[in-house]
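Note on naming: letters A, B, ... go to the chains in the order of the sequence lines (proteins, then strands), and numbering restarts at 1 for each one. The model shown is predicted, which means the values in this text are computed figures rather than measured ones.
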2 protein chains.
Amino acid sequence: MANKDYTLNQEQVARFAKAMGHPARIAILGFLAKQTECYFGDIHEELPIAKATVSQHLKELKEAGLIQGEVETPKVKYCINRENWQLANKLFGEFFGQCVCKKESCCK
Amino acid sequence: MANKDYTLNQEQVARFAKAMGHPARIAILGFLAKQTECYFGDIHEELPIAKATVSQHLKELKEAGLIQGEVETPKVKYCINRENWQLANKLFGEFFGQCVCKKESCCK
DNA sequence: GTTATTGTTCGCAAATATACGAACAATAAT
DNA sequence: ATTATTGTTCGTATATTTGCGAACAATAAC
């Protein structure tokens, strides 16, 4: 084992990836990405899961920084966190772009 | 709840993302992406975890299709699965690109 | 003050994920 | 045949994730 520990970049990419690692959360993000109107109820209607579960997924996405929410009593409005969305886009782009295997395979 | 179920695209993105949702696996992918020589021992040396755990992470990455391995007794050579790497790159690019929040925020 | 609406939080159960050491498998070297 | 090298698999322990219904909170409407 070498110098141990992971870089901040690796941790950040993994954090974003982990948040995106469930179809329901991908569906939520995709839904939010396509609009500017975005209430909890609308999101819930799009998904085949209970509202408690939806709320939990939203919480995880929020903690990962990919979305944000604001209360408009009695509703709650969610949307993409634009800044972190762009950061994630950049990090994933760099991550995939670093592969030397663009033209030739490594293994056979 | 609407039409239920997730699309194949959503499932695939989530599957790739889930596989990338751990710093050790991000480190492994990053390491592999930068070379054409890539034996288990080299990967293990880069990581702060036991070989059994490394082997397990490699298995997950292989099952997700992001890497592939071939035995060169007594060693095992791993590398990026070029085809799926490019697919992942494409899917993530499209995913992040679909956001309408490129120039204006949705929420305040 | 009830009642209705909209979401969140709590408590729980079941399933997965993470990590490790020990045992094992396959070959090569002695 | 023993021994050494390189990884995988097994068994196990612990932690996290996923999912749900029920209870709760915050307003608004009556």
Side-chain angles (χ1 to χ4, degrees), chain A residues 1-2 4-6 10-11 13-29 31-32 37-64 66-79 106-107, chain B residues 1-2 4-6 10-11 13-29 31-32 37-79 107:
Chain A
M1 313 185 189
K4 310 277 184 180
D5 285 346
Y6 307 109
Q10 288 171 336
E11 299 270 14
V13 173
R15 198 171 312 126
F16 281 143
K18 187 175 182 181
M20 293 171 61
H22 190 289
R25 293 196 291 270
I26 288 296
I28 290 171
L29 291 173
F31 184 69
L32 291 182
E37 282 294 306
C38 37
Y39 294 98
F40 176 91
D42 304 325
I43 298 168
H44 180 212
E45 274 187 0
E46 284 290 305
L47 300 174
I49 50 182
K51 61 179 181 171
T53 309
V54 173
S55 197
Q56 211 169 274
H57 282 307
L58 287 168
K59 189 179 178 186
E60 285 175 60
L61 289 172
K62 202 160 49 180
E63 283 170 0
L66 289 170
I67 69 172
Q68 59 194 118
E70 52 181 308
V71 177
E72 284 185 11
T73 304
K75 296 188 174 184
V76 178
K77 188 172 170 180
Y78 281 99
C79 66
C106 295
C107 299
Chain B
M1 314 184 188
K4 309 279 184 176
D5 286 344
Y6 307 110
Q10 289 171 334
E11 299 270 14
V13 172
R15 198 171 311 126
F16 281 143
K18 187 174 183 183
M20 293 171 60
H22 190 291
R25 293 195 292 268
I26 289 296
I28 290 170
L29 290 173
F31 184 70
L32 290 183
E37 282 294 308
C38 39
Y39 293 98
F40 176 90
D42 305 325
I43 298 169
H44 180 212
E45 273 185 0
E46 285 290 304
L47 300 174
I49 51 182
K51 62 179 181 171
T53 309
V54 173
S55 196
Q56 211 168 271
H57 282 307
L58 287 168
K59 190 179 176 185
E60 284 176 59
L61 289 172
K62 203 161 48 178
E63 283 171 359
L66 289 170
I67 68 173
Q68 59 196 116
E70 51 180 307
V71 178
E72 285 186 8
T73 305
K75 298 188 172 184
V76 178
K77 188 172 172 181
Y78 281 99
C79 66
C107 298

Sugar-phosphate only, base, or nothing, as touched by A:Thr73 at under 4.0 Å among non-hydrogen atoms: sugar-phosphate
Residue pair A:Met20, A:Leu66: steps toward the side-chain contact (heavy atoms from CB on, under 4.5 Å) verdict: CA-CA 9 Å; A:Met20 293 171 61; A:Leu66 289 170; 4.0 Å; yes
Nucleotide D:dT8, atom C1' - distance to CD of B:Glu72 in whole Å: 17 Å
Distance in angstrom units between B:Leu47 CG and C:dC20 P, rounded: 11 Å
Phosphate OP1/OP2 of D:dG19 contacted by A:His22 side-chain N/O (<4.0 Å): yes
Contact under 4.0 Å: A:His44 side-chain N or O vs C:dT6 OP1/OP2: no
Sugar-phosphate, base or nothing in reach of B:Glu60, heavy atoms under 4.0 Å: sugar-phosphate
B:His57 side chain near C:dA19 phosphate (N/O to OP1/OP2, under 4.0 Å): yes
Nearest-Å distance for atom pair CD/C1', residues A:Gln56 and C:dA14: 14 Å
Nearest heavy-atom neighbours spanning A:Pro23 and B:Ala14: N-CB, 3.5 Å
Which atom of B:Lys51 lies closest to which atom of B:Phe40, heavy atoms considered: O-CZ, 3.6 Å
5' precedence on DNA chain C between A:Ala52 and B:Ala52 (nearest-nucleotide basis): A:Ala52
Separation of atom CD1 in B:Ile49 from atom P in D:dG7, rounded to whole Å: 15 Å
Residue B:Pro74, side-chain heavy atoms: nucleotide from D:dT5, D:dT8, C:dT18 that is nearest: D:dT5
Whole-Å gap separating P (C:dT16) and CZ (B:Arg15): 15 Å
Residue closer to the 5' end of DNA chain D, A:Thr53 versus B:Val76 (nearest nucleotide): B:Val76
For atom NZ of A:Lys51 and atom C1' of C:dC10, their distance in whole Å: 14 Å
Which residue lies more 5' along DNA chain C, comparing A:Lys18 with A:Val54 via nearest heavy atoms: A:Val54
Note, A:His57 side chain near A:Leu47 side chain (heavy atom, < 4.5 Å): no
Atom pair distance, as rounded to whole Å: NZ in A:Lys59 and P in C:dC10: 7 Å
Beyond-backbone contact of B:Lys59 with B:Gln56, side-chain heavy atoms, under 4.5 angstrom: no
Distance, rounded to the nearest Å, where B:Ile28 contributes CD1 and C:dA19 contributes P: 10 Å
Sugar-phosphate only, base, or nothing, as touched by A:Ser55 at under 4.0 Å among non-hydrogen atoms: base
